[in-house]
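In this text the structure is predicted, and so the values were computed from the model without any measurement.
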Amino acid sequence: CYMINKSFYDDIKYLQYFENRESILTSDNEKVPAVILENLFSYGFISEHGVDGGDAFGKNSGTRYALNEYGMQLKTVLQQ
């Protein structure tokens with residue numbers, strides 16, 4: 001409950017871009033702004049999974065993030 005109380009809805013609605021727990025988004029992607037990913041991480045809904053150097057065009061690089069158990073549970077509740 002504390003995790004949700006300290007969160008903004010405008011941030012947590014971006015959990016929908018993680019299809020499942022195996023979905024990875026980097027801090028430089030076209031779906032979710034880096035500041036939102038940092039917020040979701042600080043709320044405790046996503047976890048870091050290393051760093052990615054990106055593709056040949058320099059896109060999709062930076063910190064890798066994926067849903068953790070708390071993020072998956074919240075995403076499930078929000079979809080109902």
Side-chain angles (χ1 to χ4, degrees):
C1 187
Y2 172 76
M3 293 169 69
I4 295 172
N5 279 341
K6 69 176 188 168
S7 306
F8 290 101
Y9 178 73
D10 287 344
D11 292 342
I12 61 175
K13 69 181 180 182
Y14 280 96
L15 292 175
Q16 68 182 332
Y17 291 102
F18 291 92
E19 295 176 21
N20 53 45
R21 290 191 68 185
E22 287 77 37
S23 296
I24 300 283
L25 287 177
T26 60
S27 54
D28 179 24
N29 71 83
E30 296 176 356
K31 296 179 181 179
V32 182
V35 68
I36 301 293
L37 289 170
E38 292 170 7
N39 289 345
L40 292 172
F41 175 74
S42 69
Y43 300 152
F45 298 127
I46 60 176
S47 300
E48 288 185 0
H49 287 265
V51 177
D52 191 334
D55 60 19
F57 302 105
K59 300 284 185 185
N60 297 314
S61 61
T63 305
R64 296 165 34 109
Y65 295 101
L67 279 179
N68 60 25
E69 186 64 32
Y70 299 114
M72 198 65 201
Q73 289 177 9
L74 181 57
K75 180 183 172 195
T76 301
V77 169
L78 292 173
Q79 289 176 338
Q80 295 180 1

Is L40 close to I12 at the side-chain level, that is, under 4.5 Å between some pair of heavy atoms? yes
Atom CD of E30 with >12 non-hydrogen neighbours under 6.0 angstrom: no
Of all heavy-atom pairs linking Y14 and I36, the shortest is CD1-CG2, 3.6 Å
Find out if a path of hydrophobic residues (ILVMFWY) with successive side-chain heavy-atom gaps under 4.5 Å connects M72 to Y9. yes
Between L15 and I24, is there a shared hydrophobic cluster once you connect ILVMFWY residues whose side-chain heavy atoms come closer than 4.5 Å? no
Linking I/L/V/M/F/W/Y whenever their side-chain heavy atoms sit closer than 4.5 Å, directly or via other members, would V77 and I4 fall into one cluster? no
Nearest heavy-atom approach of N20 to E22 is OD1-N, 2.8 Å
Do you know which two heavy atoms are closest between M3 and G44, and how far apart they sit? CE-O, 3.3 Å
Can you tell me how far CG of D11 sits from NZ of K6, rounded to the nearest 0.5 angstrom? 12.0 Å
In terms of heavy-atom contacts, R21 and E69 come closest through NH1-OE1, 3.0 Å
Nearest heavy-atom neighbours spanning F18 and S23: CD2-O, 3.7 Å
Answer yes or no: is there a donor N or O on one side and an acceptor on the other, between the side chain of S27 and the main chain of T63, under 3.5 Å? yes
Apply the test side-chain contact (heavy atoms from CB on, under 4.5 Å) to residues H49 and Y65: give CA-CA distance (whole Å), side-chain angles for both, the deciding distance (0.1 Å), then the verdict. CA-CA 6 Å; H49 287 265; Y65 295 101; over 6 Å; no
What's the shortest heavy-atom distance between Q16 and K13, and which atoms? CG-O, 3.2 Å
R64 and side-chain contact (heavy atoms from CB on, under 4.5 Å): which single residue from V51, L37, T26, L25 fits? T26
